[in-house]
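Chain letters run A, B, ... following the sequence lines, proteins first, then strands; residues in each count from 1.
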There are 2 protein chains.
Amino acid sequence: MRAIIADDHPLYREAAGLRLQRQLHDLEVIEVGRLDELLALAGTEGEPIELILLDLRMPGMQGGQTIETVVEAFPETAVALVSGAAAYEDIKCAIDAGAKGFLPKTLPSKLFAGAIAVILAGGSYLPAETLQMNGKVSANPAIDDIDAGAIPDELTPRQLQILAQLASGATNKEIGRGLGIAEVTVKMHIRQILRKINARNRAEAASIATRAGLI
Amino acid sequence: MRAIIADDHPLYREAAGLRLQRQLHDLEVIEVGRLDELLALAGTEGEPIELILLDLRMPGMQGGQTIETVVEAFPETAVALVSGAAAYEDIKCAIDAGAKGFLPKTLPSKLFAGAIAVILAGGSYLPAETLQMNGKVSANPAIDDIDAGAIPDELTPRQLQILAQLASGATNKEIGRGLGIAEVTVKMHIRQILRKINARNRAEAASIATRAGLI
DNA sequence: ATGAAAACTATCCGAAGGGATAGAGGACCT
DNA sequence: AGGTCCTCTATCCCTTCGGATAGTTTTCAT
């Protein structure tokens with residue numbers, strides 16, 4: 001059994017992959033970071049792909065039409081949308097386009113597990129909040145971003161390593177010693193990390209990394 | 001429906017409360033910090049109390065006998081033990097005393113949710129590791145603490161406020177401005193926080209706070 | 001083979017963090 | 001009335017962080 005996690009940042013992919021594999025043994029998780037990579041997997045031979053977790057804001061995504069493209073490219077597969085924060089329109093649009101559900105990234109694991117189970121069973125999942133926001137239009141329907149602490153861009157392996165240590169309270173000097181590189185190099189990496197995950201400093205970065213499951 | 005969380009530090013109570021309420025709508029969570037407070041709730045009128053999450057190392061607790069006392073005081077209620085780290089004896093003792101389960105504080109949310117569901121359904125939950133440690137005696141059975149990143153001591157309300165902002169990436173100056181106090185005061189509070197939660201710096205503190213559910 | 005990206009190093013600078021010490025006011029409990 | 005705890009403030013000192021700029025090397029894909 002296979003599932004695809006299509007999201008532009010590896011931290012979330014890892015976290016989501018872990019959740020899935022906890023729940024579904026014998027699951028092969030395929031991670032992709034861009035829309036074209038995802039579409040390239042359509043029609044692949046091998047075990048059937050049961051599930052696609054699709055980030056709303058992945059490079060290449062452009063709203064309803066794109067979702068429809070994906071749904072059509074994988075006619076046998078349940079496509080579930082995933083996003084950090086979502087406008088009502090986004091959700092409606094996604095369901096109209098054939099998505100089987102909408103999972104906020106903030107979804108607690110248990111609900112996540114339940115939602116996945118429901119979707120795999122052929123149902124569809126919508127967060128409870130959807131009812132309250134019935135028809136309500138957010139200030140900026142198209143881009144309801146900021147994403148409350150998610151990781152917007154790819155982190156390199158080195159950066160993931162360093163981020164993990166940072167979140168454990170290591171200083172730059174300690175990280176450098178541990179990895180056998182100079183402190184300045186660590187600082188350089190961290191500058192990039194802060195930029196990419198949009199954190200103001202290492203404390204916020206630590207929080208974001210922890211929330212994303214990188215412990 | 002009501003549940004009691006009996007634990008000596010509020011951060012964990014909050015986190016556990018959130019987890020429970022996410023899972024069980026219409027749940028009223030009662031938080032207590034000491035054993036006597038807990039026992040004072042026995043026989044209270046009102047909605048039935050379905051669940052008690054009981055910290056092994058709460059002020060007043062003294063092992064198996066105490067657990068038995070609690071179980072007898074709440075005959076209609078499922079009592080589940082909670083602890084940061086536990087010796088085999090503790091677990092065995094707790095089960096013998098009538099506890100319905102044992103939940104490590106490090107339990108991932110999903111397992112936590114599953115465990116709660118099992119316990120509420122009348123079953124009992126034991127962590128898988130229990131099997132491996134069958135009969136093995138830890139170096140210090142009574143106090144097997146250190147607690148791997150949990151919050152060992154009470155944080156004052158002010159400290160919780162500050163810790164939350166810290167984890168959001170606020171600088172001391174910003175926190176001070178927001179709370180209308182001087183930066184030095186914030187620094188003082190943070191020094192206390194780092195001591196109490198045993199963090200080396202604010203990055204680690206942010207990680208710990210986030211893991212504990214204080215976002 | 002050329003170019004892009006990742007990784008590494010260096011120096012300089014101002015801002016922020018972390019620790020120690022010392023003191024003051026208020027709330028609450030006994 | 002005294003004690004304890006929380007809260008707030010101040011000064012001094014050194015470390016760590018975060019950023020800019022500039023450069024080398026390696027690796028990998030087109």
Nearest-Å distance, [atom1] ([X]) to [atom2] ([N])?
{"X": "Lys196(B)", "N": "dC5(D)", "atom1": "NZ", "atom2": "P", "result": "10 Å"}
{"X": "Gln161(B)", "N": "dC6(D)", "atom1": "CD", "atom2": "P", "result": "15 Å"}
{"X": "Ile175(A)", "N": "dC8(C)", "atom1": "CD1", "atom2": "C1'", "result": "16 Å"}
{"X": "Ile181(B)", "N": "dA10(D)", "atom1": "CD1", "atom2": "P", "result": "12 Å"}
{"X": "Gln192(B)", "N": "dT21(C)", "atom1": "CD", "atom2": "P", "result": "13 Å"}
{"X": "Ile162(A)", "N": "dC17(D)", "atom1": "CD1", "atom2": "C1'", "result": "14 Å"}
{"X": "Glu204(B)", "N": "dT16(D)", "atom1": "CD", "atom2": "C1'", "result": "16 Å"}
{"X": "His189(B)", "N": "dC6(D)", "atom1": "NE2", "atom2": "P", "result": "11 Å"}

Would you say that [X] contacts [Y] through its side chain, given a criterion of any heavy-atom pair below 4.5 Å between the two side chains?
{"X": "Leu51(B)", "Y": "Leu20(B)", "answer": "yes"}
{"X": "Leu27(A)", "Y": "Glu50(A)", "answer": "no"}
{"X": "Arg2(A)", "Y": "Leu41(A)", "answer": "no"}

Item to check | Where protein sits on nucleotides 10-20 of chain C, one letter per nucleotide: B base, S sugar-phosphate only, - none, heavy atoms under 4.0 Å | outcome: BB----SSBBB
Item to check | Under 4.0 Å protein heavy-atom contact, by nucleotide of nucleotides 24-30 of chain D - B base, S sugar-phosphate only | outcome: -------
Return the [atom1] to [atom2] distance between [X] and [Y], rounded to the nearest 0.5 Å.
{"X": "Lys196(A)", "Y": "Gln159(A)", "atom1": "NZ", "atom2": "CD", "result": "4.0 Å"}
{"X": "Ile162(A)", "Y": "Arg202(A)", "atom1": "CD1", "atom2": "CZ", "result": "10.0 Å"}
{"X": "Ile181(B)", "Y": "Met188(B)", "atom1": "CD1", "atom2": "CE", "result": "8.5 Å"}
{"X": "Leu166(A)", "Y": "Asn201(A)", "atom1": "CG", "atom2": "CG", "result": "9.5 Å"}
{"X": "Glu204(B)", "Y": "Ile197(B)", "atom1": "CD", "atom2": "CD1", "result": "7.5 Å"}

Name all residues meeting the side-chain hydrogen bond (donor to acceptor under 3.5 Å, both in side chains) criterion together with [X]; count only those two or more places apart in sequence or in a different chain, and write none if there are none.
{"X": "Arg177(A)", "value": "none"}
{"X": "Glu183(A)", "value": "none"}
{"X": "Arg200(A)", "value": "Glu174(B)"}

Checklist entry - Is there a side-chain polar atom (N or O) of Thr185(A) under 4.0 Å from OP1 or OP2 of dT9(C)? => result yes
Checklist entry - Would you say Thr156(A) reaches dA7(C)'s phosphate, i.e. side-chain N/O to OP1/OP2 under 4.0 Å? => result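 Yes.
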Next on the checklist: Rounding to 10°, can you tell me the angle the first-five-pair axis of the helix from dA1(C)-dT30(D) to dT30(C)-dA1(D) makes with its last-five-pair axis?
Outcome noted: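 Comparing the first five pairs with the last five, the axes sit 60° apart.
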